[in-house]
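Counting starts at 1 for both ligands and their atoms, following the listed order. Just so you know, these numbers use all the heavy atoms, side chains as well, and skip hydrogens, waters and symmetry mates.
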Amino acid sequence: MLVYLNGDYLPLDEARVSVLDRGFLFGDGVYEVIPVYSRRPFRLHEHLVRLQASLDAIRLANPHSEAEWIERIERVSTAAEWPDQGIYLQVTRGPGPRDHAFPQVIQPTVFIMPMPLATPAPALVEQGVCAITAPDDRWLHCDVKSVSLLANVLARQRSVDAGCAETILLRDGWLTEGSTSNVFIVRDGVILAPPKSNLILPGITYDVVLELARTLELPHQLRPIAADELKRADEVWLTSTPKEVLAVTRLDGVPVGDGRPGPVFRRVHAAYQDYKRRVMHGA
Ligand code: PDD
């Protein structure tokens, strides 16, 4: 397995960064996780557009053109042993004296690593997962895919401790997203999700799900969702690169709907799998 680090392709255990790297000292960096199915990157352009938005938000110049990113990602992906991968890509503000202010000279650290992509097993898709809710105590720039993930880490661990797959976050009584995923609900046959804002990550899977809802002509609406609506939803779904679309069938210990993945979920999940297959076959 090869990783890319600042111009070199090397084995993972030979990749080294400075302890003065601002990613390490301050969490001063951004990242992406890009799915690769059967060695074909999925929505790569969209991931690179979001990377640019994250870099702009933290005032870090993009060290590479899109063509350069694609070349590096493809080389790392081709060398990996697994056909399905999550390509982890991170850019930090690089090493410098420990000072909150940006260094005079910036040498960003660029790291690309393939990971096996563990999408949900069919049994999990069939039965759904449990989730818990928790207050969203993150900062107000959750649209930036920042490596400063401490609040997400703590939120995710709450669901691990509860034996569940995700922690769904509520800010001031409103649904935002999961600790590592976006959240959709279905009420009275209508798919609902919070609109993009500074309070959620603009998920690439979120966009795909909305496109599929449009194609399937399923009623859908982006609007704020109150905690109470989440708790009384007929269906709750999580979306993310590794989770794809996954039904939550128990929320805070209470069954969602009849406690099984619902009919709208089944349609969207099937459409997502079809769409993936088309991408894998080069469509
Ligand atoms: N996270 N919201 C949060 C907070 C996330 O961390 C993620 C994904 C998403 C979904 O985004 P996408 O559909 O583009 O994967 C939403 C990645 C997978 C991670 O941190 O590992």
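Listed by first and then second residue, the side-chain hydrogen bond (donor to acceptor under 3.5 Å, both in side chains) pairs involving residues 192-204 are Lys196-Asp207 (not counting sequence neighbours).
Listed by chain and residue number, nothing satisfies the disulfide (SG to SG under 2.5 Å) test with Cys142 (two or more places apart in sequence, or in another chain). Residues meeting the side chain to side chain donor-acceptor pair (under 3.5 Å) test with Gln85, sequence neighbours left out: Ser77.
Ring geometry for Phe42 versus Tyr37: interplanar angle over 60°, hence perpendicular rather than tilted (30 to 60°).
For the pair Arg75 and Tyr4, the NZ or CZ position fails the cation-pi test of under 6.0 Å to the six-membered ring centre and within 45 degrees of the ring normal.
For the residue pair Glu244 and Thr205, no side-chain donor N or O sits within less than 3.5 Å of a side-chain acceptor on the partner.
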Put together the list of close N/O pairs, under 3.5 Å, between ligand 1 and the protein, could you?
residue: ligand 1; atom: 1 (N); partner: Lys145; partner atom: NZ; Å: 3.2
residue: ligand 1; atom: 2 (N); partner: Glu177; partner atom: OE1; Å: 2.7
residue: ligand 1; atom: 13 (O); partner: Ile204; partner atom: N; Å: 3.4
residue: ligand 1; atom: 13 (O); partner: Thr205; partner atom: N; Å: 3.0
residue: ligand 1; atom: 13 (O); partner: Thr205; partner atom: OG1; Å: 2.5
residue: ligand 1; atom: 14 (O); partner: Arg50; partner atom: NH1; Å: 2.9
residue: ligand 1; atom: 14 (O); partner: Arg50; partner atom: NH2; Å: 3.1
residue: ligand 1; atom: 14 (O); partner: Ile204; partner atom: N; Å: 2.9
residue: ligand 1; atom: 15 (O); partner: Thr241; partner atom: N; Å: 2.9
residue: ligand 1; atom: 15 (O); partner: Thr241; partner atom: OG1; Å: 2.6
residue: ligand 1; atom: 20 (O); partner: Tyr31; partner atom: OH; Å: 2.6

